[in-house]
Amino acid sequence: MIILAIESSCDETAVSILKDKTAILSAIVSSQIDTHAKFGGVVPEIASRMHIENIAIVLQEALTKADLDIENVDAFAVTQGPGLIGCLHVGVLAAKTLAWYYQKPLIPVHHLAGHIYANALIDELEYPLLALVVSGGHTELILLKQEYDFMIVGSTQDDAVGEAYDKVARVLGLPYPGGVAIDKLAQIGKRNYQLPTVKTQGELDFSFSGIKSAVLQLIAREKRANRELIIEDIAYAFQHNAVEQLIDRVKKAVDTYQPKHIVLAGGVAANSYLRKRMNEEYKNHEDLKLTIPSLAYCTDNATMIAVAGYIAYQHGHRADLSLPADSSLEICSM
Ligand code: KG4
Ligand code: ZN
(Lines give C-alpha, C1' and ligand atoms only; values in the text may rest on other atoms or scores of the structure.)
(Ligands and ions follow the chains in the order given, each with its own letter.)
Protein backbone atom coordinates (compact mmCIF):
# COMPACT_ATOMS: atom_id res chain seq x y z
CA MET A 1 0.00 0.00 0.00
CA ILE A 2 1.40 3.41 -0.99
CA ILE A 3 0.39 6.41 1.11
CA LEU A 4 1.16 10.01 0.24
CA ALA A 5 1.02 12.22 3.35
CA ILE A 6 0.87 15.99 3.73
CA GLU A 7 1.84 18.00 6.84
CA SER A 8 1.33 21.78 7.02
CA SER A 9 0.21 22.47 10.60
CA CYS A 10 2.90 25.04 11.46
CA ASP A 11 5.97 26.27 9.61
CA GLU A 12 7.00 23.19 7.64
CA THR A 13 5.44 22.23 4.30
CA ALA A 14 6.09 18.50 4.07
CA VAL A 15 5.15 15.61 1.79
CA SER A 16 6.24 12.00 2.25
CA ILE A 17 5.47 8.85 0.31
CA LEU A 18 5.49 5.61 2.26
CA LYS A 19 5.16 2.02 1.07
CA ASP A 20 3.49 -0.20 3.64
CA LYS A 21 4.43 0.73 7.19
CA THR A 22 8.08 1.66 7.03
CA ALA A 23 9.53 1.88 3.51
CA ILE A 24 10.09 5.60 2.86
CA LEU A 25 10.02 6.25 -0.91
CA SER A 26 10.54 9.99 -0.43
CA ALA A 27 10.37 12.59 2.34
CA ILE A 28 10.50 16.30 1.52
CA VAL A 29 10.38 19.07 4.13
CA SER A 30 10.38 22.74 3.17
CA SER A 31 11.10 24.69 6.34
CA GLN A 32 10.15 28.34 6.80
CA ILE A 33 12.34 28.77 9.90
CA ASP A 34 14.67 31.34 8.32
CA THR A 35 11.72 33.57 7.40
CA HIS A 36 10.06 33.40 10.83
CA ALA A 37 13.38 33.74 12.72
CA LYS A 38 13.47 37.40 11.65
CA PHE A 39 10.29 37.94 13.66
CA GLY A 40 11.35 35.85 16.67
CA GLY A 41 8.55 33.32 16.14
CA VAL A 42 6.07 31.91 13.63
CA VAL A 43 3.88 34.58 11.98
CA PRO A 44 0.65 32.69 11.09
CA GLU A 45 -0.34 34.81 8.09
CA ILE A 46 3.11 34.51 6.51
CA ALA A 47 3.19 30.79 7.29
CA SER A 48 -0.09 30.01 5.52
CA ARG A 49 0.89 32.12 2.52
CA MET A 50 4.21 30.26 2.22
CA HIS A 51 2.42 26.88 2.42
CA ILE A 52 0.27 27.96 -0.54
CA GLU A 53 3.37 28.95 -2.49
CA ASN A 54 5.26 25.75 -1.63
CA ILE A 55 2.77 22.89 -1.51
CA ALA A 56 2.66 22.04 -5.24
CA ILE A 57 6.47 22.24 -5.51
CA VAL A 58 7.01 19.98 -2.49
CA LEU A 59 4.40 17.53 -3.80
CA GLN A 60 6.07 17.37 -7.21
CA GLU A 61 9.49 16.90 -5.64
CA ALA A 62 8.24 14.04 -3.45
CA LEU A 63 6.80 12.23 -6.49
CA THR A 64 9.98 12.79 -8.52
CA LYS A 65 12.23 11.53 -5.69
CA ALA A 66 10.03 8.46 -5.25
CA ASP A 67 10.03 7.96 -9.03
CA LEU A 68 6.31 7.42 -8.76
CA ASP A 69 3.30 8.22 -10.90
CA ILE A 70 0.65 9.77 -8.67
CA GLU A 71 -1.89 7.30 -10.13
CA ASN A 72 -0.09 4.60 -8.10
CA VAL A 73 -0.80 6.25 -4.75
CA ASP A 74 -3.39 4.17 -2.86
CA ALA A 75 -4.46 6.75 -0.25
CA PHE A 76 -3.83 10.34 0.82
CA ALA A 77 -3.19 11.13 4.50
CA VAL A 78 -3.19 14.62 5.94
CA THR A 79 -2.74 16.44 9.25
CA GLN A 80 -6.25 17.60 10.12
CA GLY A 81 -5.15 19.40 13.30
CA PRO A 82 -4.22 20.77 15.73
CA GLY A 83 -2.12 23.68 14.50
CA LEU A 84 -2.46 27.07 12.85
CA ILE A 85 -5.80 27.10 11.07
CA GLY A 86 -4.70 28.92 7.90
CA CYS A 87 -1.76 26.52 7.59
CA LEU A 88 -3.85 23.39 8.17
CA HIS A 89 -6.33 24.50 5.50
CA VAL A 90 -3.63 24.41 2.81
CA GLY A 91 -2.69 20.78 3.50
CA VAL A 92 -6.27 19.63 3.99
CA LEU A 93 -7.45 21.28 0.78
CA ALA A 94 -4.53 19.79 -1.18
CA ALA A 95 -5.22 16.28 0.18
CA LYS A 96 -8.96 16.57 -0.46
CA THR A 97 -8.35 17.72 -4.03
CA LEU A 98 -6.01 14.78 -4.72
CA ALA A 99 -8.33 12.23 -3.07
CA TRP A 100 -11.27 13.55 -5.09
CA TYR A 101 -9.43 13.77 -8.40
CA TYR A 102 -7.81 10.33 -8.16
CA GLN A 103 -10.80 8.77 -6.36
CA LYS A 104 -8.66 7.40 -3.52
CA PRO A 105 -9.31 7.24 0.26
CA LEU A 106 -8.59 10.30 2.39
CA ILE A 107 -7.15 9.60 5.87
CA PRO A 108 -7.30 12.29 8.57
CA VAL A 109 -4.38 12.26 11.03
CA HIS A 110 -3.94 14.04 14.37
CA HIS A 111 -0.59 15.86 14.44
CA LEU A 112 0.39 14.28 17.78
CA ALA A 113 -0.56 10.80 16.58
CA GLY A 114 2.01 11.50 13.87
CA HIS A 115 4.69 12.50 16.39
CA ILE A 116 3.98 9.37 18.46
CA TYR A 117 3.96 6.98 15.48
CA ALA A 118 7.27 8.39 14.17
CA ASN A 119 8.64 5.86 16.66
CA ALA A 120 7.13 3.01 14.61
CA LEU A 121 9.77 3.79 11.96
CA ILE A 122 12.45 2.67 14.42
CA ASP A 123 10.90 0.02 16.65
CA GLU A 124 8.01 -2.38 16.89
CA LEU A 125 5.65 -0.64 19.30
CA GLU A 126 4.32 -2.51 22.32
CA TYR A 127 1.20 -1.74 24.32
CA PRO A 128 0.30 -0.36 26.79
CA LEU A 129 2.51 2.43 25.51
CA LEU A 130 3.26 5.72 27.23
CA ALA A 131 4.21 8.70 25.04
CA LEU A 132 5.82 11.87 26.34
CA VAL A 133 4.77 14.42 23.74
CA VAL A 134 6.82 17.60 23.98
CA SER A 135 6.66 20.31 21.34
CA GLY A 136 6.14 24.01 20.80
CA GLY A 137 2.39 23.66 21.24
CA HIS A 138 2.02 20.56 23.45
CA THR A 139 3.27 18.92 26.60
CA GLU A 140 1.31 15.77 27.22
CA LEU A 141 1.57 12.29 28.61
CA ILE A 142 -0.52 10.08 26.34
CA LEU A 143 -1.34 6.48 27.19
CA LEU A 144 -2.17 4.02 24.40
CA LYS A 145 -3.65 0.90 26.02
CA GLN A 146 -3.76 -0.56 22.53
CA GLU A 147 -2.80 0.50 19.01
CA TYR A 148 -4.23 3.85 17.89
CA ASP A 149 -6.22 4.32 21.10
CA PHE A 150 -5.20 7.59 22.78
CA MET A 151 -5.82 8.74 26.35
CA ILE A 152 -4.30 11.92 27.76
CA VAL A 153 -3.17 11.20 31.33
CA GLY A 154 -1.24 14.42 31.96
CA SER A 155 -0.98 17.81 30.31
CA THR A 156 0.37 21.29 30.84
CA GLN A 157 -1.64 23.74 32.91
CA ASP A 158 -0.15 26.68 31.05
CA ASP A 159 2.72 26.92 28.54
CA ALA A 160 4.09 24.02 26.50
CA VAL A 161 7.70 23.14 27.28
CA GLY A 162 8.88 24.16 23.77
CA GLU A 163 7.05 27.46 24.19
CA ALA A 164 8.92 28.01 27.48
CA TYR A 165 12.22 27.24 25.71
CA ASP A 166 11.35 29.78 23.00
CA LYS A 167 10.26 32.47 25.50
CA VAL A 168 13.30 32.06 27.76
CA ALA A 169 15.53 32.15 24.67
CA ARG A 170 13.98 35.47 23.69
CA VAL A 171 14.62 36.84 27.20
CA LEU A 172 18.26 35.75 26.86
CA GLY A 173 18.54 37.35 23.41
CA LEU A 174 18.97 34.01 21.61
CA PRO A 175 17.65 33.31 18.12
CA TYR A 176 14.42 31.43 17.23
CA PRO A 177 13.82 28.48 17.57
CA GLY A 178 14.97 28.93 21.14
CA GLY A 179 15.09 25.25 22.06
CA VAL A 180 18.06 24.55 19.84
CA ALA A 181 19.96 27.63 21.06
CA ILE A 182 19.37 26.92 24.78
CA ASP A 183 20.25 23.25 24.33
CA LYS A 184 23.64 24.24 22.81
CA LEU A 185 24.42 26.87 25.48
CA ALA A 186 23.35 24.65 28.37
CA GLN A 187 25.92 22.06 27.29
CA ILE A 188 28.72 24.48 28.24
CA GLY A 189 26.87 25.88 31.28
CA LYS A 190 27.44 24.98 34.93
CA ARG A 191 25.22 24.38 37.92
CA ASN A 192 25.47 27.93 39.24
CA TYR A 193 21.90 29.23 39.55
CA GLN A 194 18.97 27.55 41.24
CA LEU A 195 15.37 27.75 40.00
CA PRO A 196 12.40 26.68 42.16
CA THR A 197 10.58 23.38 41.59
CA VAL A 198 7.11 23.96 40.16
CA LYS A 199 3.99 22.54 41.80
CA THR A 200 1.00 21.39 39.73
CA GLN A 201 -2.58 20.42 40.59
CA GLY A 202 -2.52 16.89 39.18
CA GLU A 203 0.61 14.83 39.86
CA LEU A 204 0.95 14.01 36.15
CA ASP A 205 0.37 17.59 34.99
CA PHE A 206 3.02 20.11 33.95
CA SER A 207 3.61 23.83 34.39
CA PHE A 208 6.23 25.90 32.59
CA SER A 209 5.06 29.51 32.79
CA GLY A 210 6.47 29.73 36.35
CA ILE A 211 9.98 28.79 35.22
CA LYS A 212 9.99 31.63 32.71
CA SER A 213 9.01 34.12 35.45
CA ALA A 214 11.67 32.65 37.74
CA VAL A 215 14.30 33.19 35.02
CA LEU A 216 13.17 36.81 34.64
CA GLN A 217 13.42 37.33 38.43
CA LEU A 218 16.84 35.72 38.51
CA ILE A 219 18.09 38.06 35.78
CA ALA A 220 16.65 41.11 37.59
CA ARG A 221 18.25 39.99 40.89
CA GLU A 222 21.68 39.54 39.33
CA LYS A 223 21.43 42.92 37.61
CA ARG A 224 20.44 44.65 40.89
CA ALA A 225 23.44 43.09 42.59
CA ASN A 226 25.66 44.32 39.73
CA ARG A 227 26.76 40.78 39.01
CA GLU A 228 27.65 39.71 35.50
CA LEU A 229 25.04 37.41 33.95
CA ILE A 230 26.48 34.06 32.94
CA ILE A 231 24.07 33.26 30.16
CA GLU A 232 25.14 29.63 29.63
CA ASP A 233 24.60 28.96 33.34
CA ILE A 234 21.07 30.40 33.09
CA ALA A 235 20.43 28.15 30.08
CA TYR A 236 21.74 25.21 32.14
CA ALA A 237 19.50 26.08 35.12
CA PHE A 238 16.40 26.43 32.94
CA GLN A 239 17.05 23.26 30.95
CA HIS A 240 17.81 21.24 34.07
CA ASN A 241 14.64 22.46 35.77
CA ALA A 242 12.36 21.91 32.74
CA VAL A 243 13.70 18.46 31.87
CA GLU A 244 13.70 17.20 35.47
CA GLN A 245 10.02 18.17 35.67
CA LEU A 246 9.35 16.05 32.56
CA ILE A 247 11.30 13.11 34.00
CA ASP A 248 9.47 13.35 37.33
CA ARG A 249 6.04 13.11 35.64
CA VAL A 250 7.18 10.25 33.39
CA LYS A 251 8.31 8.30 36.46
CA LYS A 252 4.97 8.85 38.18
CA ALA A 253 3.05 7.83 35.05
CA VAL A 254 5.18 4.67 34.70
CA ASP A 255 4.38 3.77 38.33
CA THR A 256 0.65 4.39 37.79
CA TYR A 257 0.10 2.78 34.38
CA GLN A 258 2.90 0.18 34.14
CA PRO A 259 3.45 0.58 30.37
CA LYS A 260 5.48 -1.94 28.35
CA HIS A 261 6.91 0.74 26.08
CA ILE A 262 7.77 4.38 26.50
CA VAL A 263 8.38 6.75 23.58
CA LEU A 264 9.45 10.36 23.16
CA ALA A 265 7.71 12.57 20.59
CA GLY A 266 7.73 16.15 19.30
CA GLY A 267 10.29 18.88 18.68
CA VAL A 268 11.64 19.00 22.23
CA ALA A 269 12.43 15.26 21.97
CA ALA A 270 15.47 16.54 20.02
CA ASN A 271 16.81 17.98 23.29
CA SER A 272 20.15 16.43 24.22
CA TYR A 273 19.61 16.56 28.00
CA LEU A 274 16.10 15.04 27.80
CA ARG A 275 17.42 12.23 25.58
CA LYS A 276 20.31 11.61 28.00
CA ARG A 277 18.06 11.55 31.07
CA MET A 278 15.49 9.24 29.45
CA ASN A 279 18.30 6.87 28.49
CA GLU A 280 19.71 6.97 32.03
CA GLU A 281 16.33 6.15 33.53
CA TYR A 282 14.93 3.62 31.05
CA LYS A 283 17.58 2.32 28.63
CA ASN A 284 18.21 -1.06 30.16
CA HIS A 285 14.90 -1.84 31.82
CA GLU A 286 13.87 -5.46 31.49
CA ASP A 287 10.11 -5.05 31.06
CA LEU A 288 10.03 -1.52 29.72
CA LYS A 289 11.20 -0.66 26.22
CA LEU A 290 12.39 2.88 25.41
CA THR A 291 12.32 4.44 21.94
CA ILE A 292 13.60 7.91 21.08
CA PRO A 293 13.10 9.10 17.49
CA SER A 294 16.09 10.18 15.42
CA LEU A 295 16.44 13.98 15.21
CA ALA A 296 14.77 14.30 11.78
CA TYR A 297 11.65 12.60 13.16
CA CYS A 298 11.41 14.80 16.26
CA THR A 299 10.53 18.00 14.42
CA ASP A 300 7.60 18.29 12.01
CA ASN A 301 7.68 16.06 8.92
CA ALA A 302 5.20 14.18 6.77
CA THR A 303 6.69 10.70 7.17
CA MET A 304 5.24 10.52 10.69
CA ILE A 305 1.84 11.48 9.24
CA ALA A 306 2.16 8.72 6.64
CA VAL A 307 2.98 6.07 9.28
CA ALA A 308 0.13 7.19 11.55
CA GLY A 309 -2.08 7.37 8.44
CA TYR A 310 -1.21 3.78 7.51
CA ILE A 311 -2.19 2.56 10.97
CA ALA A 312 -5.30 4.78 11.06
CA TYR A 313 -6.34 3.30 7.71
CA GLN A 314 -6.01 -0.23 9.08
CA HIS A 315 -8.28 0.84 11.93
CA GLY A 316 -10.89 2.01 9.44
CA HIS A 317 -10.32 5.76 9.62
CA ARG A 318 -11.53 7.54 6.48
CA ALA A 319 -12.78 11.04 5.76
CA ASP A 320 -14.97 12.42 3.01
CA LEU A 321 -14.62 15.74 1.24
CA SER A 322 -16.39 17.59 4.06
CA LEU A 323 -13.28 17.04 6.27
CA PRO A 324 -12.58 20.32 8.11
CA ALA A 325 -9.18 21.56 9.23
CA ASP A 326 -9.44 21.76 13.03
CA SER A 327 -6.97 23.96 14.92
CA SER A 328 -7.89 22.44 18.31
CA LEU A 329 -8.56 18.84 17.28
CA GLU A 330 -8.61 16.46 20.29
CA ILE A 331 -6.49 13.32 20.04
CA CYS A 332 -9.05 11.30 22.02
CA SER A 333 -11.60 11.89 19.23
CA MET A 334 -9.44 10.06 16.65
O1 KG4 B 1 7.18 19.53 17.04
P2 KG4 B 1 7.71 20.84 16.60
O3 KG4 B 1 8.64 20.88 15.41
O4 KG4 B 1 6.53 21.82 16.26
C5 KG4 B 1 5.35 21.82 17.01
O6 KG4 B 1 4.48 20.94 16.70
O7 KG4 B 1 5.30 22.62 17.96
O8 KG4 B 1 8.40 21.50 17.89
C9 KG4 B 1 9.00 22.78 17.84
C10 KG4 B 1 9.53 23.11 19.25
C11 KG4 B 1 10.04 24.54 19.38
O12 KG4 B 1 9.49 25.11 20.54
C13 KG4 B 1 11.56 24.36 19.53
O14 KG4 B 1 12.17 25.37 20.31
C15 KG4 B 1 11.64 23.02 20.22
O16 KG4 B 1 10.63 22.24 19.60
N17 KG4 B 1 12.95 22.38 20.04
C18 KG4 B 1 13.79 22.09 21.07
C19 KG4 B 1 14.96 21.54 20.50
N20 KG4 B 1 14.78 21.49 19.14
C21 KG4 B 1 13.55 22.00 18.89
N22 KG4 B 1 13.64 22.28 22.38
C23 KG4 B 1 14.67 21.91 23.18
N24 KG4 B 1 15.82 21.39 22.71
C25 KG4 B 1 16.01 21.17 21.39
N26 KG4 B 1 17.15 20.64 20.95
ZN1 ZN C 1 4.88 19.08 15.80
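These values consider heavy atoms only, across backbone and side chains, with no hydrogens, waters or symmetry-generated copies. Atoms within each ligand, like the ligands themselves, are counted from 1 in listed order.
Taking 4.0 Å as the cut-off between side-chain N and carboxylate O, Lys252 and Asp248 count as a salt-bridged pair. Comment: Glu281 engages Arg277 in a salt bridge, judged by a side-chain N to carboxylate O separation of less than 4.0 angstrom. Lys104 has no carboxylate O lying under 4.0 Å from a charged side-chain N of Asp74, or vice versa, which leaves the two without a salt bridge.
Residue contacts with ligand 1: Glu12 is placed with no nitrogen or oxygen under 3.5 Å of a nitrogen or oxygen of the ligand (distance criterion only). Of the N or O atoms in Thr299, none lie within a sub-3.5 Å distance of an N or O in ligand 1. No N or O atom of Gly266 sits closer than 3.5 Å to an N or O atom of ligand 1. When only interatomic distances are considered, the shortest N/O to N/O separation between Asn271 and ligand 1 falls below 3.5 Å. Checked against a 3.5 angstrom limit, the closest N/O atoms of His115 and ligand 1 fall inside it. For a threshold of 3.5 Å applied to N or O pairs, the pair formed by Asp166 and ligand 1 contains at least one separation below that value. At under 3.5 Å, a nitrogen or oxygen of Gly179, whether backbone or side chain, sits near a nitrogen or oxygen of ligand 1.
Ligand 1 has at least one atom lying under 4.0 Å from a heavy atom of Ala270. For the ligand labelled ligand 1, residue His138 lies outside the 4.0 Å heavy-atom shell.
Atom CD1 of Ile305 and atom CD of Gln80 lie 11.5 Å apart (nearest 0.5 Å). A distance of 9.0 Å separates CZ in Arg275 from CG in Asn271, rounded to the nearest 0.5 Å.
Counting the atoms of ligand 1 from 1 in the order shown, those under 4.0 Å from a heavy atom of Gly162 are 12 (O). Within ligand 1, counting atoms from 1 as listed, the ones closer than 4.0 Å to a heavy atom of Gly137 are 7 (O). Close approach of ligand 1 to His111 (heavy-atom distance below 4.0 Å) involves ligand atoms 6 (O).
Of the listed residues (Leu274, Asp300, Val268), the one carrying the non-hydrogen atom nearest atom 2 (P) of ligand 1 is Asp300.
Side-chain atoms of Asn119 and Thr291 include no donor-acceptor pair closer than 3.5 Å. Counting only N and O atoms by type, the side chains of Gln146 and Asp149 include a donor and acceptor under 3.5 Å apart.
Under 2.8 Å from the Zn ion (ligand 2) lies no N/O/S atom of Cys10, from backbone or side chain alike.
When each of Leu93, Val78, Ile70 is tested with Leu98 by the rule side-chain contact (heavy atoms from CB on, under 4.5 Å), just one qualifies, namely Ile70.
Scanning the protein for heavy atoms near atom 17 (N) of ligand 1, the closest one is Gly267 O, 3.6 Å.
The environment of Glu228 atom CD is sparse: at most 12 non-hydrogen atoms of other residues, nucleotides or ligands sit within 6.0 angstrom.
With the Zn ion (ligand 2) as the vertex, atom OD1 of Asp300 and atom NE2 of His115 span an angle of 90° (nearest 10 degrees).
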>> If you apply the rule salt bridge (Lys or Arg N to Asp or Glu O under 4.0 Å), what do you find for Lys260 with Asp287, and how did you get there?
In response: CA-CA 6 Å; Lys260 285 206 182 117; Asp287 314 313; over 6 Å; no

